[in-house]
Number of protein chains: 2
Amino acid sequence: MATIQDVAKLAGLSRTTVSRVINQHPYVTEEKKRLVSNAMQELNYVPNSSARRLRRQQTETIAVYVPRITNPFFSHLVEVMEKEAAKKGYQLILCQTRYKKEQERNFLELLKTKQVDGLILTSIENDWSKIEPYLAYGPIVVCNEYSDSAQVPLVFLDQIKGGYIGTKHLIEQGYTKLGYCTGDHKSSRVAHDRRIGFLKALNEAGLQMKDEWYFGGAYSVQDGKRTFEALKKLSDPPQALFTGSDEVAAGIVKAASDAGWKVPEDLAVIGFDNQPLAELMELTTIEQPIETIARQAMELMIESIKSKRTSVRKEVILPLKLIQRCST
Amino acid sequence: MATIQDVAKLAGLSRTTVSRVINQHPYVTEEKKRLVSNAMQELNYVPNSSARRLRRQQTETIAVYVPRITNPFFSHLVEVMEKEAAKKGYQLILCQTRYKKEQERNFLELLKTKQVDGLILTSIENDWSKIEPYLAYGPIVVCNEYSDSAQVPLVFLDQIKGGYIGTKHLIEQGYTKLGYCTGDHKSSRVAHDRRIGFLKALNEAGLQMKDEWYFGGAYSVQDGKRTFEALKKLSDPPQALFTGSDEVAAGIVKAASDAGWKVPEDLAVIGFDNQPLAELMELTTIEQPIETIARQAMELMIESIKSKRTSVRKEVILPLKLIQRCST
DNA sequence: TTGTACGCGTTATCAC
DNA sequence: GTGATAACGCGTACAA
């Protein structure tokens, strides 16, 4: 492995000059530039990034936290983030928290040990008070999820409105018995706000909801199927279901069809995200502008790294849109 | 930011002793261990990983190449790999080549510049001769894709058999006019071998295939729909289609249904992967043991890193399985 | 069992 | 314009 020293020797110059050429500093003669370039080529030299990191105190690496990369919402988010990061010369370290507080805390050490320049959180498992101290070691940007107390840039969607417009749509279609199906994360503002929106629409229409019309713990297609099985057993089931994701909605629709129920006549279902899946299954859903929030979050991250400002709250709120299809 | 020096001073010991405690070396008195631990705690000390990397000449980081993380096959692969890596104390850098030779070559520099200890390739865009030189800088493991000339560990599936059993199944169902629909990658052995298997089954049954029954460039749901539109225009369309992924198959089925065609009566379709999507859309498909190949690839990678052996060919071939549902 | 001293490969700060 | 030299923070022969 050739070092900068070897290049310097071969070129008959000092390390300093070689370093200057590498980093495009001014005040180097064209002639010596050429000399250095030739030597670098001959030795097949590449700067050692560990040494660079140590010297410059930065890693050009960003960690992105997601619950699971197989969730299409998050993989889409990560796809766009990686693209943006690569464009600006940053790498992405992928951290799957698996919905676990402890896993999230483990990954937080990455920032502390200077393995990454910053953190983007797309979900939050721990209380913000557990995360906040890490701001001392580098910037954090929150994307999708949010928290009131976080003094960091936040890019998120108006989930109250999301819950509201979805539910209002169901009500406008004439359904009066509305159920609610979601992954139940105590710490998640996203889930919390959607529920607020749901209840708001219900209230405005003067509708009541039975406790048994609430279904929790639903994240995947499989969970959706399970949800339908539970719903089927009810003596007075809801006519329509608001769900937290297209996967869950798809699972419900599938299980319902398998059981001979007609969608939306016997049961209406609304999804969330507008994934390709939603189109395939003809799901009415709420579209989230994934590319925009991913891009904005990454921009804010890189900005934070460069400006070295770390704790300034800044909210970017983006709109949601109802996509009507055949499941309602 | 506290350094090892600060800890040493506070504990009244030398840096060496502190370092020994951190790295669990023998020959340190219990008493001094405690002294050091206390000092570390008080100063909130964490070893700086850039310095460690430089000193130890290793990064505890592995790069994984995928075409796009939103492709469920690859996101599933990455999910398992990240989990395995985290378990063994490694991080994952995500590299999306976007099916581009140049993008792949750019990422190869990661190994050269010592940003990662090794590379796992799940797809190969460039000729192996372009990749091979990088073996000088660290181990490479190939997973899913393969190449005859690669002197590295390879974990893959018997794609000839995959193409064969899928096609044979279609033939056994009584279809005689079989079409083929795939993403067309010149460099992909996976695609190449599946086609071999397809043709082998056709030959054995004495069947012919028309050129116009071949559809290329299909990767996504959208591409599947496009494929159906093209197929629809044919005066003598195939009765059954072999496809390269569940997404494509789902797109075809959806477009066909929308156009009033009955599946499988008017058109049979077989997918590949057995993604959740396949179950939802009732797709017959070929199951790939994703978790196993991901886990094995990561194990081989870590083994290669630890043993510092870099160029030994080793093949791990895993089986494929037909999953029959309603699309055939 | 502990400490001294050097080197890992770069880059920033000064002198010249 | 160019070159010594001193960090960056850590690990480890070697000596004691």
Side-chain angles (χ1 to χ4, degrees), chain A residues 1-37 39-40 43-61 89 109-117 137-138 308, chain B residues 1-37 39-40 43-60 109-117 137-138 308:
Chain A
M1 212 47 275
T3 78
I4 200 172
Q5 182 68 281
D6 303 329
V7 177
K9 200 181 293 175
L10 183 61
L13 294 164
S14 75
R15 289 197 319 243
T16 312
T17 306
V18 177
S19 174
R20 284 214 180 91
V21 174
I22 294 169
N23 297 291
Q24 332 229 34
H25 276 222
Y27 308 127
V28 187
T29 338
E30 282 305 320
E31 188 205 333
K32 314 227 155 162
K33 268 190 201 163
R34 211 173 358 260
L35 236 45
V36 171
S37 299
M40 293 203 325
L43 293 171
N44 198 13
Y45 166 82
V46 195
N48 177 306
S49 84
S50 299
R52 256 191 159 150
R53 285 175 177 222
L54 176 59
R55 183 61 241 224
R56 304 219 276 224
Q57 303 284 44
Q58 51 169 307
T59 65
E60 256 126 45
T61 306
E109 295 299 312
L110 287 177
L111 191 57
K112 204 168 173 184
T113 57
K114 297 265 179 286
Q115 314 224 31
V116 300
D117 290 340
Y137 307 106
K308 297 192 159 62
Chain B
M1 212 45 276
T3 77
I4 203 171
Q5 182 68 282
D6 303 328
V7 177
K9 201 182 294 175
L10 183 61
L13 295 164
S14 75
R15 287 202 325 242
T16 313
T17 308
V18 177
S19 174
R20 285 215 178 90
V21 173
I22 294 169
N23 297 293
Q24 329 230 34
H25 276 225
Y27 307 126
V28 186
T29 337
E30 281 305 319
E31 187 206 331
K32 313 225 156 165
K33 267 190 202 163
R34 210 172 0 260
L35 236 45
V36 170
S37 299
M40 292 201 327
L43 292 171
N44 199 11
Y45 167 81
V46 195
N48 177 306
S49 84
S50 299
R52 264 191 145 145
R53 284 173 178 225
L54 176 57
R55 184 61 242 233
R56 304 219 280 222
Q57 303 283 45
Q58 51 170 308
T59 65
E60 257 125 45
E109 294 300 311
L110 286 177
L111 191 56
K112 204 168 173 184
T113 58
K114 297 266 180 284
Q115 314 224 29
V116 299
D117 291 339
Y137 308 107
K308 296 190 158 66

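Chain naming here is simple, since letters A, B, ... match the order of the sequence lines and numbering starts at 1 in each.
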Does a side-chain heavy-atom distance below 4.5 Å link A:Met40 with A:Val21?
-> no
Going 5' to 3' along DNA chain D, which nucleotides are the first and last within contact of chain A (any atom under 4.0 Å from a heavy atom)?
-> D:dG1 to D:dG9
Using side chain to side chain donor-acceptor pair (under 3.5 Å) as the criterion, list what pairs up with A:Lys112, not counting sequence neighbours.
-> B:Asn44
In residues 12-19 of chain B, what donor-acceptor pairs under 3.5 Å come from side-chain atoms, sequence neighbours left out?
{"from": "B:Ser14", "atom 1": "OG", "to": "B:Thr16", "atom 2": "N", "distance (Å)": "3.4"}
{"from": "B:Ser14", "atom 1": "OG", "to": "B:Thr17", "atom 2": "N", "distance (Å)": "3.4"}
{"from": "B:Ser14", "atom 1": "OG", "to": "B:Thr17", "atom 2": "OG1", "distance (Å)": "3.3"}
{"from": "B:Ser19", "atom 1": "OG", "to": "B:Asn23", "atom 2": "ND2", "distance (Å)": "3.4"}

Nucleotide-resolved protein contact map, nucleotides 8-16 of chain C, B/S/- at heavy-atom distance under 4.0 Å | BBBBB-B--
For the helix from C:dT1-D:dA16 to C:dC16-D:dG1, measure the angle between the helix axis at one end and the axis at the other, each built from five pairs, rounding to 10°.
-> 40°
Minimum side-chain heavy-atom gap B:Pro47-B:Ile4 below 4.5 Å | no
Sorted by chain and number, sequence neighbours left out, side chain to side chain donor-acceptor pair (under 3.5 Å) with B:Tyr45 holds for none
With sequence neighbours left out, write down each residue that passes side chain to side chain contact (heavy atoms under 4.5 Å, CB included) with A:Gln115, or none if nothing qualifies.
-> A:Leu110, A:Thr113, B:Ser49, B:Arg53, B:Gln91
With sequence neighbours excluded, what pairs up with A:Glu109 under the side chain to side chain donor-acceptor pair (under 3.5 Å) test?
-> A:Tyr134
Look at the side-chain N and O atoms of B:Thr17 and state whether any lies under 4.0 Å from the OP1 or OP2 oxygen of C:dG3.
-> yes
Given C:dT2, is OP1 or OP2 found less than 4.0 Å from the side-chain N or O atoms of B:Lys32?
-> yes
With B:Glu30 via salt bridge (charged side-chain N to carboxylate O under 4.0 Å, His left out) - residues at least two apart = B:Lys33
Quick one: does B:Arg20's side chain get under 4.5 Å of B:Tyr27's, heavy atoms only?
-> no
Could I get the full list of side chain to side chain donor-acceptor pair (under 3.5 Å) partners for A:Thr59, not counting sequence neighbours?
-> A:Asp117
